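A short write-up of the structure that comes next.
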2 protein chains.
Amino acid sequence: MDTAPLAFSRHNHSHCVSDALDAATTLCTERGARLTPLRKQVLELIWQSHKPLGAYAILDQLAAQATKPVAPPTVYRALDFLLEQKLIHRIGALNAYIGCPHPDHHHASHFLLCDDCGRAEEIHSKSVSRSIQKAASEAGFTVQSQSLEVFGLCPDCSPQDKHDA
Amino acid sequence: MDTAPLAFSRHNHSHCVSDALDAATTLCTERGARLTPLRKQVLELIWQSHKPLGAYAILDQLAAQATKPVAPPTVYRALDFLLEQKLIHRIGALNAYIGCPHPDHHHASHFLLCDDCGRAEEIHSKSVSRSIQKAASEAGFTVQSQSLEVFGLCPDCSPQDKHDA
DNA sequence: ACGAATATGTTATACTATAACTATCTTTGG
DNA sequence: CCAAAGATAGTTATAGTATAACATATTCGT
């Protein structure tokens with residue numbers, strides 16, 4: 001199935017990167033937003049893995065690639081842009097950032113985060129979204145954004161699930 | 001109804017505070033955990049409102065009440081204790097802490113957070129919990145903890161809902 | 001090419017959190 | 001009761017995360 005979970009499965013990761021960069025380029029063009037070389041570089045760094053990446057880890061890698069020193073605002077401004085364009089999500093519990101695999105349609109930030117290997121997988125469950133929306137409505141609350149961070153063990157890092165089940 | 005949403009409704013807040021402190025005292029006694037004066041003081045400060053409170057806001061208020069200067073570790077250690085005992089929750093998106101109204105039974109951290117007035121209300125929806133658990137299971141993921149932060153407008157701060165609906 | 005708007009560079013600083021060590025208090029076993 | 005062990009709190013320093021404010025450079029429409 002084409003919407004299968006990916007982060008926790010074996011896959012050719014270079015496709016993730018190229019797909020994400022292509023999608024970002026297309027979307028920004030459509031929106032009249034400027035995906036500058038710097039912003040693209042930051043997005044690519046974030047997509048180097050499925051593990052949320054901290055701003056200063058990005059900064060260090062940028063600095064390593066650049067000839068001039070790089071300062072925090074450079075990174076944070078790129079992150080702000082990517083967040084605005086919904087090309088990345090912020091994982092609040094980790095102060096870290098991760099690429100959005102489906103930036104073309106807006107959606108909430110719902111992630112499974114492995115405590116062991118650090119990988120994150122975005123989930124898209126109508127049932128989760130609907131139940132959250134319903135609970136909020138019942139409280140008279142108007143939802144504007146939401147963030148779900150589920151911590152635990154991914155299939156690869158679960159001791160039993162893979163073979164016993 | 002006794003399980004009605006509270007934070008977004010008018011209520012006698014002194015009851016929230018005394019209930020929370022009483023519950024904390026009882027639970028800690030049962031568990032053999034020591035709710036020291038400092039920890040109780042921090043818990044009370046957190047319960048001064050239904051708005052998540054930052055560590056340094058707590059620090060400032062502690063310092064104002066104390067004769068000696070207060071240093072960050074004093075606050076963070078108290079927060080760590082309260083978090084361990086599940087007497088408070090941490091709101092990752094805000095780097096802030098809020099009292100748990102039902103510390104007696106463990107549960108995930110699910111909050112509605114008003115962008116306008118800053119108040120937070122904990123929600124307890126079986127439907128939300130179940131759908132999250134189900135989505136995780138289907139991905140082969142073993143849940144250990146979860147945090148849901150829903151931002152938007154509370155009933156008081158919504159322009160229409162209260163009167164038009 | 002020109003001016004306005006956007007993006008980036010630069011410096012400084014604010015905010016959040018923890019490490020490491022010391023001192024004090026509490027509990028418990030003798 | 002006292003001493004040892006363990007838990008709590010004080011103290012100092014520093015690490016980690018994020019933004020303010022201002023200067024410079026680039027891009028875009030005209």
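The structure displayed is predicted, hence computed values, not measured ones.
Mapped onto DNA chain D by nearest heavy atom, Arg39(B) and Lys68(B) fall at different nucleotides, with Arg39(B) at the one closer to the 5' end.
In this model, a donor atom of one side chain and an acceptor atom of the other lie less than 3.5 Å apart for Glu122(B) and His107(B). Side chains of His124(B) and His105(B): a donor-acceptor N/O pair is absent below 3.5 angstrom, by distance only. A donor atom on one side chain and an acceptor atom on the other are not found under 3.5 Å apart for His89(B) and His110(B). Judged by distance alone, the side chains of Ser109(A) and Ser147(A) never bring a donor and an acceptor atom under 3.5 Å apart.
In this structure, the CD atom of Gln41(A) is 10 Å from the P atom of dG9(C), given to the nearest Å. Rounded to whole Å, atom C1' of dA15(D) lies 13 Å from atom CG of Asp60(A). Distance CG (Leu35(A)) to P (dA7(C)): 11 Å, rounded to an integer number of Å. Regarding Leu38(B), its CG atom lies at a distance of 16 Å from the C1' atom of dT26(C), rounded to whole Å. Here the P atom of nucleotide dA17(C) and the CD1 atom of Ile91(B) are 12 Å apart, to the nearest Å. Look at CD on Glu84(A): it is 12 Å from P on dT6(C), rounded to the nearest Å. Atom C1' of nucleotide dA7(C) and atom CD of Gln85(A) are separated by 14 Å, given to the nearest angstrom.
Applying the side chain to side chain donor-acceptor pair (under 3.5 Å) criterion to Gln133(B), with sequence neighbours excluded, gives Ser137(B).
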Given protein heavy atoms under 4.0 Å, the one-letter contact record of nucleotides 17-30 of chain D, with B base, S sugar-phosphate only and - none, is simply BBBBB-----S---

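Counting heavy atoms from C-beta outward, Ile58(A) and Leu79(A) have side chains that approach closer than 4.5 Å.
Of the residues in residues 110-120 of chain B, not one places a heavy atom less than 4.0 Å from an atom of DNA chain C.
Under the 6.0 Å cut-off for aromatic ring centres, His13(B) and His15(B) do not qualify, their centroids lying 6.0 Å or more apart.
Taking 4.0 angstrom as the limit, Thr74(A) places a side-chain polar atom (N or O) nearer than this to OP1 or OP2 of dG9(C).
Using a cut-off of 4.0 Å between Lys/Arg side-chain N and Asp/Glu carboxylate O, Lys40(A) and Glu44(A) are scored as not salt-bridged. Comment: Asp104(B) does not engage Lys86(B) in a salt bridge, judged by the lack of any side-chain N to carboxylate O separation of less than 4.0 angstrom.
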